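Quick notes on the structure that follows.
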Amino acid sequence: MSFELPVVPHADRSLPGELELGAFSVSLNVADLEASRLFYGHLGFVVSGGSVDESYLILKNGETTIGLFHGMFDSNILTFNPGLTNRMERIEEHTDVRVIDNSLREAGVELTTPIDPEAGDSGPAHIALVDPDGNSILIDQFF
């Protein structure tokens with residue numbers, strides 16, 4: 001499933017928050033991709049990306065996004081995508097994940113996966129961390 005995302009100049013600046021993280025979704029570690037797709041389909045979700053052959057599906061219901069992942073990680077993950085809105089719009093002017101990485105390090109937050117030094121100064125890159133309760137967080141910028 002491939003389509004061009006609409007582009008907006010910047011995120012909605014009227015919304016609260018101090019560090020723009022982009023779109024939010026929950027990435028679920030599922031035992032059976034098809035059973036999970038069917039279940040969430042009953043809740044109104046439709047497939048908007050991913051591939052069964054690649055063991056993951058992205059589901060949307062309005063502005064809500066759930067990622068279903070089979071065999072890719074051990075637990076559920078809170079996911080943020082800098083440069084993307086929950087309405088599936090690409091943001092031209094956004095906070096780069098490298099800036100987020102720097103801000104977290106300056107605040108003394110330990111990253112379980114820092115920016116890959118080979119990721120360059122812009123473009124795709126990701127970081128990972130764990131909150132005080134053991135919840136995994138992925139900040140994944142994919143363009």
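All values reported here derive from a predicted model rather than from experimental measurement. Numbers here are sequence positions counted from 1.
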Return yes if some donor-acceptor pair links the side-chain N/O of S36 with the main-chain N/O of D32 below 3.5 Å, else return no.
yes
Out of curiosity, L104 CG to N102 CG, how far, rounded to the nearest 0.5 Å?
9.0 Å
Spell out, as yes or no, whether a donor-acceptor pair under 3.5 Å connects the side chain of K60 to the backbone of R87.
no
Decide whether L38 and I58 are clustered together by the hydrophobic rule: side chain heavy atoms of Ile, Leu, Val, Met, Phe, Trp, Tyr closer than 4.5 Å, transitively.
no
Rounded to the nearest 0.5 Å, what's the gap from CG on L28 to CE on M72? Could you check?
13.5 Å
Rounding to 0.5 Å, atoms CD (E54) and CZ (F69) come to a distance of 10.5 Å
With a cut-off of 6.0 Å (strictly less than), are more than 12 heavy atoms of other residues, nucleotides or ligands near CZ of R105?
yes
Can you confirm whether more than 12 heavy atoms, excluding those of D12, are under 6.0 Å from its CG atom?
yes
Looking at H70 and V30, would you say the former's side chain and the latter's main chain have a donor-acceptor pair under 3.5 Å?
yes
Heavy-atom distance under 4.5 Å between the side chains of L78 and L138, does that happen here?
no
Do D101 and I127 make a side-chain contact, defined as non-hydrogen atoms from C-beta onward lying under 4.5 Å apart?
yes
Mind listing the closest non-hydrogen atom pair of T79 and S27 along with its distance?
OG1-OG, 2.7 Å
Charged N to carboxylate O under 4.0 angstrom, R13 versus E20?
no
Under 6.0 Å from the CG atom of D121, do we count more than 12 heavy atoms belonging to anything else shown?
no
Short side-chain to backbone donor-acceptor contact, N61 and V46, under 3.5 Å:
no
Within the side chain of N76, is there an N or O that forms a donor-acceptor pair under 3.5 Å with the backbone of N29?
yes
Looking at every non-hydrogen atom in both residues, tell me the closest pair between R98 and I115 and how far apart they are.
CG-CD1, 4.1 Å
CD1 of I77 to OG of S25, rounded to nearest 0.5 Å, is 9.5 Å
Can you confirm whether N135 sits close enough to V130 that some side-chain heavy atom of one is under 4.5 Å from a side-chain heavy atom of the other?
no
Closest heavy-atom contact between I100 and P82?
CD1-CG, 3.9 Å
Could you tell me how the ring of F45 sits relative to the ring of Y40: parallel (under 30°), tilted (30 to 60°) or perpendicular (over 60°)?
perpendicular
Whether the D96 and Q141 side chains hold a donor-acceptor pair (N or O, under 3.5 Å, no angle test) is what I'd like checked.
yes
Report the distance from atom CG of L21 to atom CG of L84, rounding to the nearest 0.5 Å.
12.5 Å
Nearest 0.5 angstrom please: L57 CG to I66 CD1, how far?
12.0 Å
I91 backbone acceptor or donor facing H94 side chain under 3.5 Å:
yes
Does CD belonging to E92 count more than 12 external heavy atoms closer than 6.0 Å?
yes
Taking every heavy atom of S75 against every heavy atom of F73, the minimum-distance pair comes out as O-CD1, 2.8 Å
Hydrophobic cluster membership, with links at side-chain heavy-atom distances under 4.5 Å among I/L/V/M/F/W/Y: are L111 and V99 in one?
no
How about L59 and V47: do any of their side-chain heavy atoms sit closer than 4.5 Å?
yes
Check whether D140 reaches the backbone of H126 with its side chain - one donor and one acceptor, N or O, closer than 3.5 Å.
no
Do V26 and F80 sit in one hydrophobic cluster, given that two such residues count as connected whenever their side-chain heavy atoms are within less than 4.5 Å of each other, even indirectly?
yes
